[in-house]
Asks: 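Quick one: the structure is below, and I'll ask about it shortly.
In what follows, chains are A, B, ... by sequence order, proteins preceding strands, each numbered from 1. Quick caveat: nothing in here was measured; it's all calculated off a predicted structure.
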Amino acid sequence: MQNNFSIYNSLTRRKEKFEPLNPPFVGMYVCGPTVYSDAHLGHARPAIVFDLLYRYLLHLGYRVRYVRNITDVGHLQDEEADEGEDKIIRQAKKEKLEPMEVVQKYMNTYHRNMSQLNTLPPSIEPRATGHIIEQQEFIKKLLQSGFAYEANGSVYFDVVKYSEKYNYGKLSGRVLDELLQESRELEGREDKRSPFDFALWKKADPGHLMKWPSQWSEGYPGWHLECSTMSIKYLGEVFDIHGGGMDLMFPHHECEIAQSTAALGRESVRYWIHNNMITINGQKMARSLGNFITLDEVFSGSHPLLEQPYSPMTVRFFILQAHYRSTLDFSNEALKGAEKGLERLMKAAITLDRLKPSTDSTVNVDEIKTKCYEALDDDLNSPVLLAQLFEAVRLINSAREGTEKMTASDIAKMKELFSVFVKDILGLIDESAGRGNEKIVSGLMKLILDIRHEARQKKDFATSDKIREELSRLGITVRDLKDGAEWEFE
RNA sequence: GGUCGGUUGGCCGAGUGGCUAGGCGUCGGUCUGCAAAACCGUUUACGGCGGUUCGAAUCCGCCACCGACCUCCA
């Protein structure tokens, strides 16, 4: 499997050549959502970023097993004290639903939104509640290895003991001694030996809605455990890629490393990849800050901050226009810009279909293609890839104007370029497509435009304008060219 | 306070020690019966102060400001 693909590894803080453990197979695990409310713009970013990575790896010929979990238990409101209320249970009470109804409801919304954004579904989408036994087995391993301890029916991970042998904090750059000095004293619960110990199994309080029997207590698993358990179950003890948002590096991913390393005696993940945040007015978009916009609100325009609706592809393009490791600032102006840019890109594909070949050529499609690969190979640089594609757009438009020339071979290559990079890899599809019966509509349009053409030849502009206006009312735009006219749905 | 990252033109965003991505917007032009689109050009860049260098937005130092993480957050 040949490739020149390099990717930034958060663990080593460097770009590294991507070399999977067992080519052509690639194992990729990405932290999915906790399904307790509607997906917002922030959720779209990792979904699209890792969709891009998934698509590119597939394009390069790898056989990728893409695992993305659904967290449906154990994610507490106040993780620090390990006493917060489970997010899903809290929402269930609020909506007067069964916890599993809450999970199903928001999982459905999430899937619908992800499909709208044209992200490919993962190969496996495991749920925490479906892996209670496996998580308990994992806890037993940690107890056996001595890195976990039981206290009052709960089981905790012993961070202090772990750090005597391994490096707790290596991913996020934290030093345990410093963390311990700065941490405040625990109040109430004294089950934990150290404030940075985290729960593997929590004994349920009376009346707790989601709980399972175990040898320790009726209870539920800790949040960090599910990812270690399920990634190893489906991808093996050592696998290639683990992804997620930067905000998960500490403590979530740090705890995952500790759990897996403690249980297996070695590192599980070879490449840690983290996407940056979407900001709004320079501040992270987050539920807790109350400045988030849900995807449905974006698509419908029904949020006070939105001046108009923005289509799923506009959002996708907007996200792909920024490098995944940079913050991306939301604004109406930026979204509108993305909308126009996307339109320009998609129109060029249509123009390409209608282009008449020349006998000679003034363009070098292969050069653009090479640059497109270089952009992706350099840490998945989608903005530079788009810049290259816009160079192709300029050439296509110029060819239509006659200032550049493309042979039939050039046109075929260019179509291939668009098909591979725009559609397959960037996952950008024409949202105006699929309206009406293509064949009949195009036949009718040809007829109508022929009549209009004849009217214009006779300088009967009243008729030609009437046709254009009536078509416009139906949502069809007509544009006159040097020879004939072209049309499209608005 | 600790750790890490950022500060690029009206907006969003790439980037490399010298050849000034790209998109959107603005303005002008070409084309056009009109319109739209397209094309060509234009517009104001690299937070501040020093330093290294023949040459720095790009390397180093200091300062200012912003953000993320250190509770949950994609």
Asks: Provide a list of protein-nucleic acid N or O atom pairs under 3.5 angstrom, restricted to nucleotides 31-41 of chain B.
Replies:
from	atom 1	to	atom 2	distance (Å)
G33(B)	O6	R456(A)	NE	3.4
G33(B)	N1	D465(A)	OD1	3.1
G33(B)	N2	D465(A)	OD2	2.8
C34(B)	O2	R468(A)	NH2	2.7
C34(B)	N3	R468(A)	NH1	3.0
C34(B)	N3	R468(A)	NH2	3.3
C34(B)	N4	D480(A)	OD2	3.0
A35(B)	N1	D480(A)	N	3.4
A35(B)	N3	R468(A)	NH1	3.2
A36(B)	N1	D480(A)	O	3.4
A38(B)	O4'	R400(A)	NH2	3.1
A38(B)	O3'	N397(A)	ND2	3.2
A38(B)	O2'	E401(A)	OE2	3.1
C39(B)	OP1	N397(A)	ND2	2.9
C39(B)	OP2	R344(A)	NH1	3.3
C40(B)	OP1	R394(A)	NH1	3.2

Asks: To the nearest angstrom, how far is M285(A) atom CE from A74(B) atom P?
Replies: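 Taking atom P of A74(B) as the reference, CE of M285(A) is at 13 Å.
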
Asks: Round to a whole Å and report the spacing from CG of D177(A) to P of U3(B).
Replies: 14 Å

Asks: Whether the side chain of K192(A) engages the backbone of D197(A) through a donor-acceptor N/O pair (distance < 3.5 Å, no angle test) should be reported.
Replies: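 Yes, because the side chain of K192(A) sits within donor-acceptor range (under 3.5 Å) of the backbone of D197(A).
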
Asks: May I ask you to say what N275(A) touches in the nucleic acid, namely base, sugar-phosphate or nothing, with a heavy-atom cut-off under 4.0 Å?
Replies: base

Asks: Please work out if S326(A) contacts a base, only the sugar-phosphate, or nothing of the nucleic acid, heavy-atom cut-off 4.0 Å.
Replies: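 It contacts sugar-phosphate atoms only.
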
Asks: What is the pairing partner of G61(B), taking Watson-Crick or G-U wobble pairs with both distances under 3.5 Å in any strand?
Replies: C49(B)

Asks: In whole Å, what is the span from the CG atom of D379(A) to the P atom of U16(B)?
Replies: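 To the nearest whole Å, that distance equals 11 Å.
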
Asks: Looking across every strand, which nucleic acid part, if any, lies under 4.0 Å from M277(A) by heavy atom: base, sugar-phosphate, or nothing?
Replies: base

Asks: Have a look at M249(A) and say if it touches a base, only the backbone sugar-phosphate, or nothing, with a 4.0 Å heavy-atom cut-off.
Replies: nothing

Asks: Identify which one of K17(A), R325(A), K15(A) satisfies the salt bridge (Lys or Arg N to Asp or Glu O under 4.0 Å) criterion when paired with D378(A).
Replies: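 Option passing the salt bridge (Lys or Arg N to Asp or Glu O under 4.0 Å) with D378(A): K15(A).
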
Asks: Would you classify A334(A) as touching base, sugar-phosphate or nothing, given that sugar-phosphate means primed atoms plus P, OP1 and OP2, and contacts are heavy atoms under 4.0 Å?
Replies: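 Sugar-phosphate only.
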
Asks: Between F50(A) and R55(A), is there a cation-pi geometry (under 6.0 Å to ring centre, at most 45° from the normal)?
Replies: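 No cation-pi geometry.
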
Asks: Separation of F196(A) atom CZ from C69(B) atom P, in whole Å?
Replies: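 Value for this atom pair: 16 Å.
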
Asks: In this structure, how many angstroms lie between the C1' atom of C12(B) and the CG atom of L328(A), rounded?
Replies: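 Spelled out: CG on L328(A) to C1' on C12(B) is 8 Å.
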
Asks: Across the strands shown, which category fits R287(A) at heavy-atom distances under 4.0 angstrom: base, sugar-phosphate, nothing?
Replies: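 Nothing, no heavy atom under 4.0 Å.
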
Asks: Distances under 3.5 Å between protein N/O atoms and the N/O atoms of nucleotides 57-59 of chain B, please, pair by pair.
Replies:
none

Asks: Report the distance from atom NZ of K284(A) to atom P of C70(B), rounded to the nearest whole Å.
Replies: 7 Å

Asks: May I ask you to say what Q283(A) touches in the nucleic acid, namely base, sugar-phosphate or nothing, with a heavy-atom cut-off under 4.0 Å?
Replies: sugar-phosphate

Asks: Tell me the interatomic distance from H252(A), atom NE2, to U71(B), atom C1', rounded to whole angstroms.
Replies: 15 Å

Asks: Mind checking if A322(A) touches a base, just sugar-phosphate, or nothing, with heavy atoms under 4.0 Å?
Replies: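 Answer is sugar-phosphate: A322(A) comes under 4.0 Å of backbone atoms only.
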
Asks: Does G42(A) reach a base, just sugar-phosphate, or nothing at all? Heavy atoms under 4.0 Å.
Replies: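 Counting heavy atoms under 4.0 Å across all strands, the contact made by G42(A) includes a base.
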
